[in-house]
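Residues take their numbers from the sequence shown, with the count starting at 1. Hydrogens, waters and symmetry mates play no part in the numbers below; they use all other heavy atoms, side chains included.
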Amino acid sequence: MQSLKNPLNFYVLIFAPLSILMLVSKLDLVSSQFFAIAILVWALVYHPYISGNRLIAIGKINKQDLKYNFIPFWNLRFFDSLFFNK
């Protein structure tokens, strides 16, 4: 959790899997079905989980509120804190 206080670590955790997925797709190493499923998993599970953990690390939400992060657009009110460390 401590490492998620650093915005650079957060950006790496969020965008590295997406970048790798795009690279292997561009190199035709994965099927379009796998790509579509992986994007959905990234968007609906991975990103909300990592974002929620960052919000917990910076003290914006409690650990009990992590489940709400999986509701679409729930954490939009924390966008500046999440991405710009404000």
Side-chain angles (χ1 to χ4, degrees):
M1 288 286 180
Q2 186 69 14
S3 67
L4 285 175
K5 284 187 176 183
N6 183 346
L8 182 60
N9 291 343
F10 173 69
Y11 288 137
V12 168
L13 281 173
I14 289 296
F15 295 115
L18 188 60
S19 300
I20 292 168
L21 181 60
M22 291 170 58
L23 177 65
V24 295
S25 175
K26 185 75 171 164
L27 296 173
D28 290 327
L29 298 174
V30 295
S31 67
S32 59
Q33 291 86 5
F34 178 84
F35 181 81
I37 291 169
I39 287 289
L40 282 173
V41 168
W42 179 84
L44 299 175
V45 178
Y46 182 77
H47 192 288
Y49 179 75
I50 297 298
S51 296
N53 280 320
R54 173 159 165 78
L55 290 172
I56 292 168
I58 61 176
K60 294 294 181 177
I61 64 171
N62 296 324
K63 227 176 201 180
Q64 305 87 277
D65 295 334
L66 179 64
K67 62 183 173 264
Y68 297 121
N69 216 41
F70 294 95
I71 299 171
F73 305 111
W74 180 83
N75 66 359
L76 196 57
R77 65 185 127 174
F78 302 111
F79 185 83
D80 287 342
S81 300
L82 197 56
F83 288 98
F84 301 118
N85 212 25
K86 292 184 179 180

- Message: Would you say the rings of Trp74 and Phe78 are close, in the sense that their centroids are separated by under 6.0 Å?
- Response: yes
- Query: CG/Leu29 to CG/Leu21 distance, rounded to the nearest 0.5 angstrom?
  - Reply: 11.0 Å
- Query: Applying the 4.5 Å side-chain criterion to the ILVMFWY set and letting contacts propagate, would Leu8 and Leu18 be lumped into a single cluster?
  - Reply: no
- Query: How many angstroms lie between CG in Asn69 and CD1 in Ile56, if you round to the nearest 0.5 Å?
  - Reply: 8.0 Å
- Message: Could you see if Tyr11 belongs to whatever hydrophobic cluster contains Tyr49? Use Ile, Leu, Val, Met, Phe, Trp, Tyr and a side-chain cutoff under 4.5 Å.
- Response: yes
- Would you say Tyr68 has more than 12 foreign heavy atoms packed within less than 6.0 Å of its OH? no
- Query: So do Val45 and Leu40 actually touch side chain to side chain, heavy atoms under 4.5 Å?
  - Reply: no
- Message: To the closest 0.5 Å, what do you measure between CG (Asn53) and CD1 (Ile61)?
- Response: 8.0 Å
- Message: Given 3.5 Å as the limit, does a donor-acceptor pair link the side chain of Asn62 with the main chain of Gln64, or not?
- Response: no
- What are the two closest heavy atoms between Pro17 and Trp42, and how far apart are they? CB-CD1, 4.3 Å
- Note on the structure: Rounded to the nearest 0.5 Å, the CG atom of Asp65 sits from the CG atom of Asn75 at a distance of 11.5 Å
- How about Phe34: does its CZ atom have over 12 heavy atoms from other parts shown lying under 6.0 Å from it? no
- Item | Min side-chain heavy-atom separation Pro7-Arg54 under 4.5 Å | yes
- Option from Val12, Ile14, Leu13 for which side chain to side chain contact (heavy atoms under 4.5 Å, CB included) with Phe10 holds: Ile14
- What are the two closest heavy atoms between Val30 and Ser25, and how far apart are they? CG2-CA, 3.8 Å
- Set of residues satisfying ring-ring contact (aromatic ring centres under 6.0 Å, His included) with respect to Phe73, sequence neighbours excluded: none
- Message: Rounded at 0.5 Å granularity, tell me how far CG in Asn6 sits from CD1 in Ile58.
- Response: 11.5 Å
- If you look at every heavy atom in Pro48 and Ala43, which pair is closest and at what distance? CD-O, 3.3 Å
- To the nearest 0.5 angstrom, please state how far the CD1 atom of Ile39 sits from the CG atom of Leu44. 10.5 Å
- Is there a path from Leu82 to Phe15 through hydrophobic residues (I, L, V, M, F, W, Y) whose side chains come within less than 4.5 Å of each other? yes
- Message: Once ring-ring contact (aromatic ring centres under 6.0 Å, His included) is applied, do any residues pair with Phe35, and if so which ones, sequence neighbours excluded?
- Response: none
- Item | Listed partners of Phe79 passing ring-ring contact (aromatic ring centres under 6.0 Å, His included), at least two apart | Phe83, Phe84
